[in-house]
Every structure is written in structure tokens, then in C-alpha cells.
Amino acid sequence: MTFYRRSDVTGIARELLGKALFTRINGNITAGLIVETEAYSWKERGCHAWDNRRTTRNAVMFGEGGHAYVYLCYGVHNLFNVVTNREGRADAVLVRAVEPIQGTETMQHRTGTKHIKRMTSGPGKLTRALGIERIHNGEALDSRRVWLEDVGREVSFREIQAGPRIGIDYAGRDAFLPWRFTLRDSEWVSK
DNA sequence: TAGAGGATTGAT
DNA sequence: TCAATCCTCTAC
């Protein structure tokens with residue numbers, strides 16, 4: 001868990017590419033290889049914890065790194081973040097897309113889609129496929145229900161593409177920070 | 001306690 | 001381009 005407790009949130013966001021996000025829901029294990037992430041820091045306006053704003057919703061961001069931050073977006077979608085940094089420093093990495101690697105049929109059943117390529121290509125879609133809901137908010141990421149694993153997928157520096165984050169126009173200049181990271185040429189990224 | 005709006009998605 | 005949808009957050 002020390003991996004998550006560093007202050008380098010953009011470094012962690014890069015390093016999460018190629019790692020796998022697992023869930024076990026009612027005995028069903030599903031997993032996706034992380035191919036797209038975004039970094040958020042309390043130091044910038046894109047972040048829910050900007051300027052150390054502490055609310056009921058974002059409370060887990062202020063806890064120790066290595067926990068899940070799950071919140072409801074637009075009243076419709078659950079978005080999954082990895083809380084990073086030490087207690088009191090509210091940083092997080094949003095997982096925006098994964099490549100299905102286990103339990104694909106279960107994920108198709110949950111999402112009701114035949115198009116596997118579009119099934120997990122977005123932050124709201126991958127949580128639905130993996131069965132992640134707000135009850136998982138605050139869950140430790142070495143738990144039996146939600147966890148991350150290194151599955152031996154090597155990611156070279158050249159494979160990582162950086163660009164501005166999506167959907168945070170309200171953040172002013174901070175919306176231009178190149179804090180969105182994708183695996184170059186992956187067919188599983190959003191949009 | 002009311003009102004505005006959101007780290008999205010899929011249909012038009 | 002637009003509606004869905006439900007809290008959360010802020011201001012009064």
C-alpha cells in the first residue's frame with residue numbers, strides 16, 4: 001500500500017496503466033487492465049478537494065492512500081478513483097477506461113451490451129461492468145471485494161500518452177494540465 | 001431548506 | 001445537441 005501513499009499523483013496515474021482492477025461481487029470475479037487514468041490533486045481546481053475543501057462526499061480523499069473513492073456523477077454514473085498520498089493530502093486518480101481481462105460474460109450481462117469494445121471505455125461504464133457502486137466508497141484496495149494487481153503487463157515510457165483531462169471546463173487554466181494518461185494505440189480508451 | 005449543477009452516457 | 005437523474009454543495 002506504500003505505492004499509493006506517495007505525493008507524486010501524476011506518477012502514480014502513469015504507473016497504474018497496465019495494472020489490473022479486480023472486483024469480486026457475489027462470488028463473481030471480474031477484472032480489467034487499466035488503459036486510461038486522470039490525476040487529481042488538492043492543489044488544483046479540477047479536484048473535488050481543491051483548496052482543501054472537505055465535504056461528506058470527498059472525505060475519503062483526505063484519508064490515507066490506497067482506498068477507493070466512489071461517487072455518483074450526474075445522478076447516473078458511479079466513478080471510481082484510487083485515493084493517493086498520505087492522510088490530509090487529498091489526491092486521487094480517476095480510472096477512465098479498462099480492457100476486460102476476466103469475467104467478460106459477467107460484465108456483458110451487467111451492462112447489457114454486445115459491443116465489448118465499448119463496454120468499459122468510459123469511467124461510468126467500467127464501474128457498471130465491474131459492479132462498482134458507492135457502497136465500495138472507502139474500501140481498502142487490498143480488500144477481497146475491490147483490489148488492484150500487477151499482472152505482468154510491462155508499460156514503457158513511450159507507450160504512455162498524456163493530454164488534458166476530460167469534462168472539467170470549470171477548472172479554468174487547470175483544465176489544460178496534461179494529467180490524462182492513456183496507453184498509446186489501445187482500442188479500449190474512452191471516446 | 002431551496003436551487004443549481006455535475007470528473008457521463010447514449011440517443012436524436 | 002440534449003435529456004436523464006440524484007445527490008451534493010452552497011448560500012440564504
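Quick note on labels: first sequence line is chain A, next is B, and so on, each numbered from 1. Bear in mind the structure is a predicted one, so any value in this text is a computation, not a measurement.
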N/O (side chain, [X]) to phosphate O (OP1/OP2, [N]) under 4.0 Å:
| X | N | result |
| --- | --- | --- |
| R96(A) | dA7(B) | no |
| K125(A) | dG10(B) | yes |
| R53(A) | dT10(C) | yes |
| T55(A) | dC9(C) | yes |

From [atom1] of [X] over to [atom2] of [N], roughly how many Å is that when rounded to an integer?
| X | N | atom1 | atom2 | result |
| --- | --- | --- | --- | --- |
| L177(A) | dA7(B) | CG | C1' | 14 Å |
| L94(A) | dG6(B) | CG | C1' | 13 Å |
| D169(A) | dG5(B) | CG | C1' | 14 Å |
| R128(A) | dG10(B) | CZ | C1' | 11 Å |
| N78(A) | dC6(C) | CG | C1' | 11 Å |
| N137(A) | dT8(C) | CG | C1' | 13 Å |
| M61(A) | dA7(B) | CE | C1' | 10 Å |
| Y74(A) | dC2(C) | OH | P | 15 Å |

Checking side-chain polar atoms at under 3.5 Å, does [X] have a donor or acceptor matched by the opposite partner on [Y]?
| X | Y | result |
| --- | --- | --- |
| S121(A) | K117(A) | no |
| D91(A) | S41(A) | yes |
| S190(A) | E36(A) | yes |

On DNA chain B, check which nucleotide each of G75(A) and G124(A) is closest to and give me the residue with the more 5' one.
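Its nearest nucleotide being more 5', the pick is G75(A).
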N-O pairing of E38(A) and R165(A) below 4.0 Å
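Looking at E38(A) and R165(A), the cut-off is not met.
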Base, sugar-phosphate, or nothing for [X], non-hydrogen atoms under 4.0 angstrom?
| X | value |
| --- | --- |
| S190(A) | nothing |
| R134(A) | sugar-phosphate |
| I168(A) | sugar-phosphate |

Using the C1' atoms only, state how far dC2(C) lies from dG5(B), rounded to an integer number of Å.
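Per the computed distance, 15 Å lies between those C1' atoms.
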From the list dT9(B), dT8(B), dT8(C), which nucleotide is the closest neighbour of the side chain of R57(A)?
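Nucleotide nearest to R57(A)'s side chain: dT8(C).
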Consider the side chain of V76(A), meaning its heavy atoms from C-beta on, and name the nucleotide among dA7(B), dA4(C), dT10(C) that approaches it most closely.
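Closest of the options to the side chain of V76(A): dA4(C).
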Pairing partner of dA7(B) (Watson-Crick or G-U wobble, both distances under 3.5 Å)
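With both distances under 3.5 Å required, dA7(B) matches none.
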Calculate, to the nearest 0.5 Å, the distance between atoms NZ and CZ belonging to K43(A) and R89(A) respectively.
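So the gap between those two atoms works out to 7.0 Å.
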Check for me whether R6(A) meets the cation-pi criterion with F3(A), that is, NZ or CZ under 6.0 Å from the six-membered ring centre and within 45 degrees of the ring axis.
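Ring-cation test returns yes.
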Give a yes/no verdict on base stacking between dG6(B) and Y170(A): centres under 5.5 Å, planes within less than 30° of parallel.
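No, Y170(A) does not stack on the base of dG6(B).
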